[in-house]
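Worksheet for the structure shown next.
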Amino acid sequence: MKTNTPLRVALAGLGTVGGGVVRLLDGNRDLITRRAGRPIEIVAISARDRSKDRGFDATRFAWVDDMRDLAGHAAADIIVELIGGSDGPALTLARQTIAAGKGLVTANKAMIAHHGLELATAAEAAGVPLKFEAAVAGGVPVIKGLREGAAANRIGRVYGILNGTCNFILSKMEAEGRDFAEVLAEAQALGYAESDPSFDIDGVDAAHKLSILASLAFGTRPAFGDVSATGIRHVIAADIAEAAALGYRVRLVGVAEADAHGLFQRVHPHLVPIDHPLAHVTGSLNAVVAEGNYVGRLFFQGAGAGEGPTASAVVADLIDIARGEYGAPYAMPAAALTAEPAADTGERRSRAYLRFTVQDRVGVLAEIAAAMRDAGVSIESLIQRGVTAEGGAIVAIVTHEGPERSVAQALEKLRGSQSLSGQPLWMPILG
């Protein structure tokens with residue numbers, strides 16, 4: 001293709017990331033043109049508020065009132081979707097873009113997690129690119145790493161810290177000894193957390209990303225509905241302190257494995273050994289580990305969100321398309337992706353941390369130990385800390401490795417016990 005033929009882009013969404021894409025293309029224009037082999041030009045834009053001052057001259061681009069009309073824009077070769085949402089206008093635009101024979105670049109993890117297989121199948125049939133590097137871990141090139149760099153490997157496991165909001169909160173709790181609610185309020189004030197933070201702190205955001213990584217790593221059909229997600233809202237300062245005393249740090253970790261038992265996908269707070277790289281990922285950073293049978297452990301770390309990192313990933317996808325370097329969205333044809341059953345998590349073996357808030361009275365420890373014994377849970381250590389402000393005590397247990405079903409049975413035996421104040425907390429220990 002002639003180097004003076006630009007790749008013409010229509011941009012849906014001019015929020016933080018959309019504005020970042022415009023600024024990045026402006027600021028690094030010459031470098032991007034040299035690396036892409038031709039210019040990349042925005043020709044049309046669409047957003048909710050036409051009059052908003054975004055810090056750059058938007059009048060040089062054609063304005064489209066209904067962003068869904070971008071798919072039919074005669075001057076555009078590629079549509080960049082940055083409006084978000086698993087359904088609604090984003091999905092309509094994606095479907096119409098591919099149906100019009102145009103490529104799609106998106107940062108929309110929810111849409112890809114829910115509808116990625118459908119969109120990939122349609123894009124392959126139409127012979128157009130579908131790229132979504134920015135959907136997972138912001139500017140960290142983990143999708144490219146799995147899809148291209150590790151393409152020759154069988155990936156045994158992929159896991160990591162996939163949500164910067166949760167990692168910021170846990171890191172703050174760890175560094176300052178503060179409780180969850182107080183640090184969450186600070187994260188909201190600083191803009192790290194939304195006014196309604198449930199999407200992040202309940203693990204849904206990380207679950208979307210994990211389902212995308214699992215498909216890329218294992219060649220399986222996206223199965224977001226099979227991801228078990230538990231967030232961090234029940235982690236307290238005492239858990240952080242106890243983990244530190246035991247040689248661990250608490251991190252929200254998404255883990256995916258595919259084996260003869262099926263596809264395992266879970267987002268859950270974990271105790272991470274202090275000598276593991278994930279234990280040293282702090283603040284709002286993301287990190288992903290992939291274990292290949294020939295390449296060994298691959299570790300990706302960087303900023304998982306924000307204007308610059310996410311815009312960088314979007315423009316990197318555009319550069320690939322400008323070069324003509326794109327293949328199947330999931331690293332293999334969509335028809336070759338396998339449908340794997342969800343693994344039975346009860347058979348999964350791990351060590352675990354259990355925390356109970358109990359009444360400070362005789363017989364409580366014996367009751368807990370009996371429940372563990374009857375369920376076949378072997379206790380490695382049991383520690384009782386001092387009385388809390390509410391008059392209770394903290395009991396922390398670390399188990400030996402065993403089936404997770406046994407731990408669940410022990411906790412069920414203790415359900416409703418008058419000795420307990422509130423629900424116990426269970427966290428697997430990352431092996």
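Numbers here simply count residues along the sequence, with the first being 1. Quick caveat, the model's predicted, so the values are computed rather than measured.
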So, the side chain of Thr16 versus the backbone of Glu307: is there a donor-acceptor pair under 3.5 Å, distance only? no
For the pair Arg415 and Gln423, evaluate side chain to side chain contact (heavy atoms under 4.5 Å, CB included) and give the outcome as yes or no after the intermediate values. CA-CA 8 Å; Arg415 183 185 296 275; Gln423 291 298 311; 4.3 Å; yes
Non-hydrogen side-chain atoms of Val22 and Arg54 separated by less than 4.5 Å: no
Does Val407 reach the side chain of Leu354, with side-chain heavy atoms less than 4.5 Å apart? yes
Please answer whether the main-chain N or O of Gly231 pairs with a side-chain N or O of Asp202 as donor and acceptor at a distance below 3.5 Å. no
Do Lys52 and Leu14 pass the side chain to side chain contact (heavy atoms under 4.5 Å, CB included) test, and can you show the C-alpha distance, the side-chain angles, and the key distance before you say yes or no? CA-CA 10 Å; Lys52 182 178 178 180; Leu14 285 174; over 6 Å; no
Is the shortest side-chain heavy-atom distance between Gln418 and Gln359 below 4.5 Å? no
Does Asn286 reach the main-chain N or O of Gly138 with its side chain, forming a donor-acceptor pair under 3.5 Å? no
Euclidean distance, Ile240 CD1 relative to Glu176 CD, rounded to 0.5 Å: 12.0 Å
On a heavy-atom basis, the closest approach of Lys109 and Ile212 is O-CD1, 3.8 Å
Go through it in stages, so that I can follow the logic: the residues are Leu263 and Asp226, the test is side chain to side chain contact (heavy atoms under 4.5 Å, CB included), and I'd like the CA-CA distance, side-chain angles, deciding distance and then a yes or no. CA-CA 9 Å; Leu263 179 60; Asp226 291 337; 5.8 Å; no
What donor-acceptor contacts under 3.5 angstrom involve side-chain atoms of residues 319-329, with partners at least two apart or in another chain?
residue : atom : partner : partner atom : Å
Asp320  : OD2  : Lys131  : NZ           : 3.2
Asp320  : OD2  : Lys144  : NZ           : 2.5
Arg323  : NE   : Arg35   : O            : 2.9
Arg323  : NH2  : Arg35   : O            : 3.4

Any donor-acceptor N/O pair, Gln188 side chain to Glu194 backbone, under 3.5 Å: yes
Minimum heavy-atom distance Tyr294-Asn153, with the two atoms named: N-OD1, 2.8 Å
What heavy-atom pair brings Ile169 and Ala187 nearest, and what distance separates the two atoms? CG1-CB, 4.2 Å
Is there a side-chain contact between Leu162 and Asp205, using heavy atoms and a 4.5 Å cut-off? no
Could you measure the distance from the CD1 atom of Ile201 to the OG1 atom of Thr230? Nearest 0.5 Å is fine. 12.5 Å
Do you know the tightest heavy-atom contact between Ile368 and Leu414? CA-CD2, 4.2 Å
Looking only at heavy atoms, which two atoms of Val250 and Leu170 are closest? And how far apart? O-CD1, 3.7 Å
Which distance, rounded to the nearest 0.5 Å, do you find between the NE2 of His234 and the CG of Leu425? 8.5 Å
The single option from His114, Met111, Glu124 that satisfies side chain to side chain contact (heavy atoms under 4.5 Å, CB included) with Leu119 is Met111
Heavy-atom closest pair (Ala393 atom, Gln384 atom, distance to 0.1 Å) is CB-NE2, 3.6 Å
Side chains of Pro222 and Ile112: does their closest heavy-atom pair fall under 4.5 Å? no
Side chain of Asp196, backbone of Ser198: donor and acceptor closer than 3.5 Å? yes
Would you say Arg266 and Pro428 make side-chain contact, with heavy atoms under 4.5 Å? yes
Would you indicate whether the side-chain heavy atoms of Lys102 and Val128 approach each other to under 4.5 Å? no
Indicate the ring-plane relationship of Phe199 and His208, choosing parallel, tilted or perpendicular according to the 30° and 60° boundaries. tilted
Under-4.0 Å salt bridge between Lys172 and Glu186: yes
I need the Arg157 CZ to Glu291 CD distance, nearest 0.5 Å. 4.5 Å
Quick check against the 3.5 Å criterion: does Glu81 have a side-chain atom that pairs as donor or acceptor with the backbone of Leu93? no
Give a yes or no on whether Tyr330 atom OH has more than 12 heavy-atom contacts from other residues, nucleotides or ligands under 6.0 Å away. yes
Classify the side-chain pair Tyr353/Asp239 by whether it contains a donor and acceptor separated by less than 3.5 Å. yes
Are the side chain of Ser171 and the backbone N or O of Gly283 linked by a donor-acceptor pair below 3.5 Å? yes
For the pair Glu367 and Ser419, evaluate side-chain hydrogen bond (donor to acceptor under 3.5 Å, both in side chains) and give the outcome as yes or no after the intermediate values. CA-CA 8 Å; Glu367 181 181 354; Ser419 298; 2.7 Å; yes
Checking Arg251 side chain against Ala279 main chain: does a donor-acceptor pair fall under 3.5 Å? yes
Enter the distance from Met173:CE to Glu182:CD here, rounded to the nearest 0.5 Å. 10.0 Å
I'd like to know whether Asp344 forms a side chain to side chain contact (heavy atoms under 4.5 Å, CB included) with Arg405, so could you lay out the CA-CA distance, the side-chain angles of the two residues, the decisive distance to 0.1 Å, and finally the verdict. CA-CA 9 Å; Asp344 181 357; Arg405 179 174 287 109; 2.7 Å; yes
Heavy-atom donor-acceptor pair, Asn167 side chain to Leu252 backbone, under 3.5 Å: no
I'd like to know if the side chain of Asn163 reaches the main chain of Ala206, judged simply by a donor and an acceptor atom lying under 3.5 Å from each other, with no hydrogens or angles considered. no
One should read off an interatomic distance between Phe132 CZ and Ile143 CD1, to the nearest 0.5 angstrom, of 5.5 Å
For a 4.5 angstrom cut-off between non-hydrogen side-chain atoms, does Phe218 reach Ile155? yes
Can you tell me which residue among Val272, Ile274, Ile429 is in a side chain to side chain contact (heavy atoms under 4.5 Å, CB included) with Tyr248? Ile429
Identify the residue among Val314, Ile45, Ile42, Thr97 that makes a side chain to side chain contact (heavy atoms under 4.5 Å, CB included) with Val80. Val314
Set of residues satisfying ring-ring contact (aromatic ring centres under 6.0 Å, His included) with respect to His276, sequence neighbours excluded: Tyr159
Trp426 vs His268 aromatic rings, parallel, tilted or perpendicular, using cut-offs 30° and 60°? perpendicular
